[in-house]
Amino acid sequence: MSGGALARVIGRPGTGGRRGAGPAGEADLCDLCGVPAEDGHRHLYDAERAEALCACRACALLFTREAAGRGHYLLIPERRVRLAPLPTEGLGVPVGLAFFVRRAGGEVTAHYPSPAGATRWDVDPENWRAAEERCPLLDTLVPEVEALLVNTARGRQDHWITPVDDCFRLVALVRREWRGLSGGDRIRPAIERFFTDLAERGGGPRQ
């Protein structure tokens, strides 16, 4: 896996912060103030440490205004929008599963989950602009904290705008479920369940 802040965080097991780290039944803790975080709590992206952090309601409210975190803490959005099938050949999607993040500087990085973490490459700017022309919603991606998530493996046509922490969870899932050289018999059902859950949370018609 090559460098970059996002590549570092998704190259490690887990999703960042304390989500799911404690014993069963134990509440997640807010990574800013330490109080128990509510069910369905928000997440922040720590741009300096390259981590997704749990945030209680009170702390999350501090970062609802743009630039409130001064570029250090970014509130991860919650929108999940299912897109109509989008040709992604020019974006270089390997094995049909990848996600794309627009950086603060304007460049776009792509990542695909693997048993070793996530492999990263830079997307050709012309190819990304062509994708935006076909799907103008891509131009609305919030830098660093939203992603285009694509799954075209085995004939599927899953194209989503998602919060970046959804992508972190997908990377962690692939690391956890992969077995042997080919992935084993657990990885495919696990990925299908992930996208089924994503559809249930996203809802609405394709755009």
Side-chain angles (χ1 to χ4, degrees), residues 4-12 14-22 26-83 99-111 118 120 123 128 131-132 135-150 158-173 194-195 197-207:
L6 184 59
R8 289 198 303 274
V9 67
I10 62 183
R12 300 196 299 268
T15 59
R18 296 193 179 108
R19 170 168 289 275
E26 181 177 310
D28 290 329
L29 299 180
C30 175
D31 283 298
L32 297 184
C33 71
V35 306
E38 306 85 352
D39 288 343
H41 57 267
R42 301 290 299 273
H43 292 97
L44 300 173
Y45 181 69
D46 183 337
E48 292 186 2
R49 297 175 56 193
E51 292 181 347
L53 307 177
C54 294
C56 67
R57 183 175 294 111
C59 287
L61 286 173
L62 298 175
F63 300 95
T64 54
R65 293 184 178 180
E66 188 175 354
R70 299 182 179 180
H72 182 179
Y73 295 118
L74 304 172
L75 186 64
I76 297 178
E78 295 183 293
R79 72 166 175 164
R80 296 175 176 89
V81 181
R82 188 169 191 178
L83 305 174
F99 60 95
F100 303 83
V101 179
R102 186 162 61 182
R103 315 302 299 182
E107 67 275 16
V108 175
T109 57
H111 313 259
R120 173 189 180 275
V123 176
W128 181 257
E132 287 182 332
C135 180
L137 273 177
L138 295 182
D139 191 44
T140 70
L141 286 176
V142 180
E144 308 288 350
V145 290
E146 284 191 316
L148 166 65
L149 176 59
V150 174
D158 298 310
H159 298 77
W160 286 86
I161 289 176
T162 70
V164 74
D165 51 352
D166 280 352
C167 301
F168 294 172
R169 284 190 282 271
L170 179 59
V171 172
L173 179 150
F194 175 90
F195 280 95
D197 178 64
L198 188 62
E200 291 175 351
R201 286 182 292 157
R206 294 185 179 186
Q207 298 189 35

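Note that the numbering runs from 1 along the sequence shown for the chain. Every value quoted in this text rests on a predicted model; they were computed, and no experiment measured them.
In this structure the side chain of T162 never reaches within 4.5 angstrom of the side chain of F99, judged on heavy atoms. The side-chain heavy atoms of C54 and L29, taken from C-beta on, include no pair separated by under 4.5 Å. Residues L74 and V142 have side chains not in contact (no heavy-atom distance under 4.5 Å, counting atoms from C-beta outward). Side-chain contact between F168 and Y45: present, with at least one pair of heavy atoms (C-beta onward) separated by less than 4.5 Å. Using a 4.5 Å heavy-atom cutoff, the side chains of L148 and L83 are in contact. Using a 4.5 Å heavy-atom threshold, the side chains of R201 and D166 count as touching. Proximity of L44 to D46: side-chain heavy atoms (C-beta onward) are nowhere separated by under 4.5 Å.
Here the closest heavy-atom approach between residue E146 and residue T140 is recorded as OE1-O, 3.7 Å. Across all non-hydrogen atoms, the minimal contact from A104 to E144 is N-OE2, 2.9 Å. Heavy atoms only, all atoms of each residue included: H43 and D165 are closest at ND1-OD2, 3.0 Å. R102 and L138 get closest at one heavy-atom pair: NH1-O, 4.1 Å.
For E38, the side chain to side chain contact (heavy atoms under 4.5 Å, CB included) partners two or more places apart in sequence, or in a different chain, are H41, C56, R57. Remark: D158 engages R82, R156 in a salt bridge (Lys or Arg N to Asp or Glu O under 4.0 Å) (not counting sequence neighbours). The side chain to side chain contact (heavy atoms under 4.5 Å, CB included) search around A110 returns F100, W121, V123, not counting sequence neighbours.
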Apply side chain to side chain contact (heavy atoms under 4.5 Å, CB included) to the pair T64 and L75, showing each step before the final yes or no. CA-CA 7 Å; T64 54; L75 186 64; 4.0 Å; yes

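Rounding to the nearest 0.5 Å places CZ of R80 at 11.0 Å from CG of L149. Note that CD1 of I161 and SG of C135 are 6.0 Å apart. Values are rounded to the nearest 0.5 Å. Going from atom CG of L53 over to atom CG of D28 covers 12.0 Å, rounded to the nearest 0.5 Å.
Remark: side-chain polar atoms of R42 are paired, donor with acceptor, to backbone N or O of I76 under 3.5 angstrom.
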